[in-house]
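Report on one structure; see the data block that follows.
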Number of protein chains: 2
Amino acid sequence: MKHYFTSHRFPSMLPAIVISIFLICCQTAKMPASDAEREKDFMYQYSIIDALMAGVFDGNLRIGDLKPKGDFGVGTFNKVDGELIMLKGKVFKMSSDGRVKEASDSDSTSAAFVKFFKADTTIYFNEPGLSYEQLQEHLIEKLNANTIYAIKITGSFSSMTTRAASPAKPPYTTLTAHLGEHQKLFNYNNTTGTCVGFLLPPYLARANVPGFHLHYIADDLNAGGHIFKFNTNAVAVEIDFAKGFTIENNTNAAFLNVNLKPDRGAELKKIE
Amino acid sequence: MKHYFTSHRFPSMLPAIVISIFLICCQTAKMPASDAEREKDFMYQYSIIDALMAGVFDGNLRIGDLKPKGDFGVGTFNKVDGELIMLKGKVFKMSSDGRVKEASDSDSTSAAFVKFFKADTTIYFNEPGLSYEQLQEHLIEKLNANTIYAIKITGSFSSMTTRAASPAKPPYTTLTAHLGEHQKLFNYNNTTGTCVGFLLPPYLARANVPGFHLHYIADDLNAGGHIFKFNTNAVAVEIDFAKGFTIENNTNAAFLNVNLKPDRGAELKKIE
């Protein structure tokens, strides 16, 4: 009676067993999308910085389709409408009116740089008054110049200066021209939150921003944006190194038609 | 009797059914590695051209582990020992002694650029005497400057000039210095075979070779190498455009220590 295969009781259990095996296997087969991405430990980006610089302000990737690529990162939205911050799987938009809101899955991005964040090491900086530049110098000293790092800085800041762009209207100009007239600056004091972003090697120039590129989001969502400078009170810097990166090309027609030959490195430095 | 679930005959068939479902599902679950890569339609590369240029001549990716990333492409082997040609899933090495042999899965590569090749369009050039430069001009006119293309040229060539590097000995110099002394040139007449490679946009500079980069392999394996020039008899150019690309970083310690700051674009042009 214990040998089910020859038991008369067995046939009645068969549909359940077959369905169970099928469901278990289907689950395994369906896992890949985000789990495979997480396991690979690569950075993922949609479009390239040089296209954004050159005025390709629209993309075809919806926020809902960005989420399976990472749970942490930065970017912007179509029309350069605000700054994108992805944290713990949620995507926020810091608009030029200073408000931070969770973005809709149906919003689209023209450039986004994300990763599944998993800290490989954490460094604590408890001395107050450390500037963004000083923190960068400390980190550059400790880290490798040829490695792709996702950087997460949590803690309190005595001051924080950010920007957020307001949406552009077609026909689009270059990013530099647009920001020159349509970026709002924000100065915060004693804010607690998270800086989200990347430290990238020089060979990613043209595709992304070499060096540091961080966006800020306050715990209470009352502050955010692309970081220009800050002074810390006490912060923890979590560092996650990526084994590689993936770039998905922007399928927007403007991407195909833009001139990507010029080296926009010097121009990029001016607006970062 | 036709309703198997209640049939007495059923229990004897059960193990076979359960095992079949399990195997089918496992197959689906195991598919991702290369099939997911194929479906994604991205280019994949191991390491970057600037690291190779700077003397990072060893990598840690075995040919057996390169194969799930594509079935078509170019590259080199550790120590810059010859030219790598991947065609229809097989990896060949053109050595500096002029011999083309299938590479072992246990060989390693310091730089490889591959894709699962699937032609999106084919262009036929039947006029004889078309040079490599002329063919490039024709293609550049028809193709988009910002798109990543895998290019496969099959047919007969009245002449073909290639090179293959001989292996370097540590301590390594730069690629330019090594090739200056250790590349062999090969001139072939009336050879029939396949040119394998890529046409890449300018924003992939530093990571890869902007423009055309093709290796040759003769049908009879009696010719091959990195292509410098050719003249066609009649050829078919198959063009496969990629939706994006993935770069896996070289984990070799030399990669971490090399200076990747200089722009090696001008130097690269000299040796291509």
Side-chain angles (χ1 to χ4, degrees), chain A residues 4-8 10-12 14-15 17-18 21-33 36 40 42 44-46 48-51 56 144-148 201-207 210 241-251 255-263 265, chain B residues 4-8 10-12 14-15 17-18 21-33 36 40 42 44-46 48-51 56 144-148 201-207 210 241-251 255-263 265:
Chain A
Y4 289 130
F5 289 129
T6 57
S7 160
H8 281 265
F10 193 80
S12 65
L14 183 66
I17 292 175
V18 169
I21 293 173
F22 183 73
L23 287 178
I24 290 167
C25 292
C26 280
Q27 222 174 359
T28 319
K30 276 172 73 183
M31 261 203 304
K40 208 165 63 173
F42 276 35
Y44 165 91
Q45 69 175 76
Y46 179 73
I48 60 168
I49 198 76
D50 267 19
V56 180
N144 181 273
N146 300 337
T147 298
I148 293 164
Y203 63 82
L204 273 178
R206 287 170 171 262
F241 83 91
K243 291 180 181 163
F245 65 100
T246 293
I247 299 186
E248 184 170 344
N249 282 341
N250 187 344
T251 53
F255 181 86
L256 295 177
N257 296 325
V258 72
N259 180 9
L260 294 176
K261 278 185 193 151
D263 187 336
Chain B
Y4 289 131
F5 288 127
T6 55
S7 160
H8 281 266
F10 194 80
S12 64
L14 182 69
I17 291 176
V18 169
I21 293 173
F22 183 74
L23 287 179
I24 289 166
C25 292
C26 280
Q27 222 174 0
T28 319
K30 277 174 73 184
M31 262 203 300
K40 208 166 60 173
F42 276 35
Y44 164 92
Q45 69 173 76
Y46 179 73
I48 59 168
I49 198 75
D50 266 18
V56 181
N144 180 272
N146 299 338
T147 298
I148 293 164
Y203 64 82
L204 274 179
R206 287 171 172 261
F241 84 90
K243 291 181 182 164
F245 64 100
T246 293
I247 298 186
E248 184 170 344
N249 282 341
N250 187 344
T251 53
F255 181 86
L256 296 176
N257 297 323
V258 73
N259 180 9
L260 294 175
K261 278 183 193 153
D263 187 334

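In what follows, chains are A, B, ... by sequence order, proteins preceding strands, each numbered from 1.
For A:Asp50, there are no side chain to side chain donor-acceptor pair (under 3.5 Å) partners two or more places apart in sequence or in a different chain. Listed by chain and number, the residues in a side-chain contact (heavy atoms from CB on, under 4.5 Å) with A:Lys40 are A:Glu37, A:Phe42, A:Thr246, B:Lys40 (sequence neighbours excluded).
The minimum heavy-atom distance linking B:Pro202 with A:Arg206 is given by the pair O-NH1, 3.5 Å.
Annotation: the span from A:Asn144 atom CG to B:Phe255 atom CZ amounts to 8.5 Å, rounded to 0.5 Å. A:Asn146 CG to B:Asn250 CG: the interatomic distance, rounded to the nearest 0.5 Å, is 10.5 Å.
Only the side chain of A:Asp263 comes within contact range of chain B, judged by heavy atoms closer than 4.5 Å. Heavy atoms closer than 4.5 Å to chain A are found in the backbone of B:Ala242, but not in its side chain. In this structure, chain A has a heavy atom under 4.5 Å from the backbone of B:Lys243, while its side chain stays farther away. The contact between B:Ile247 and chain A is made by backbone and side chain atoms together, counting heavy-atom distances below 4.5 Å.
Using a 4.5 Å cut-off on side-chain heavy atoms (C-beta onward), B:Thr147 and A:Asn249 make no contact.
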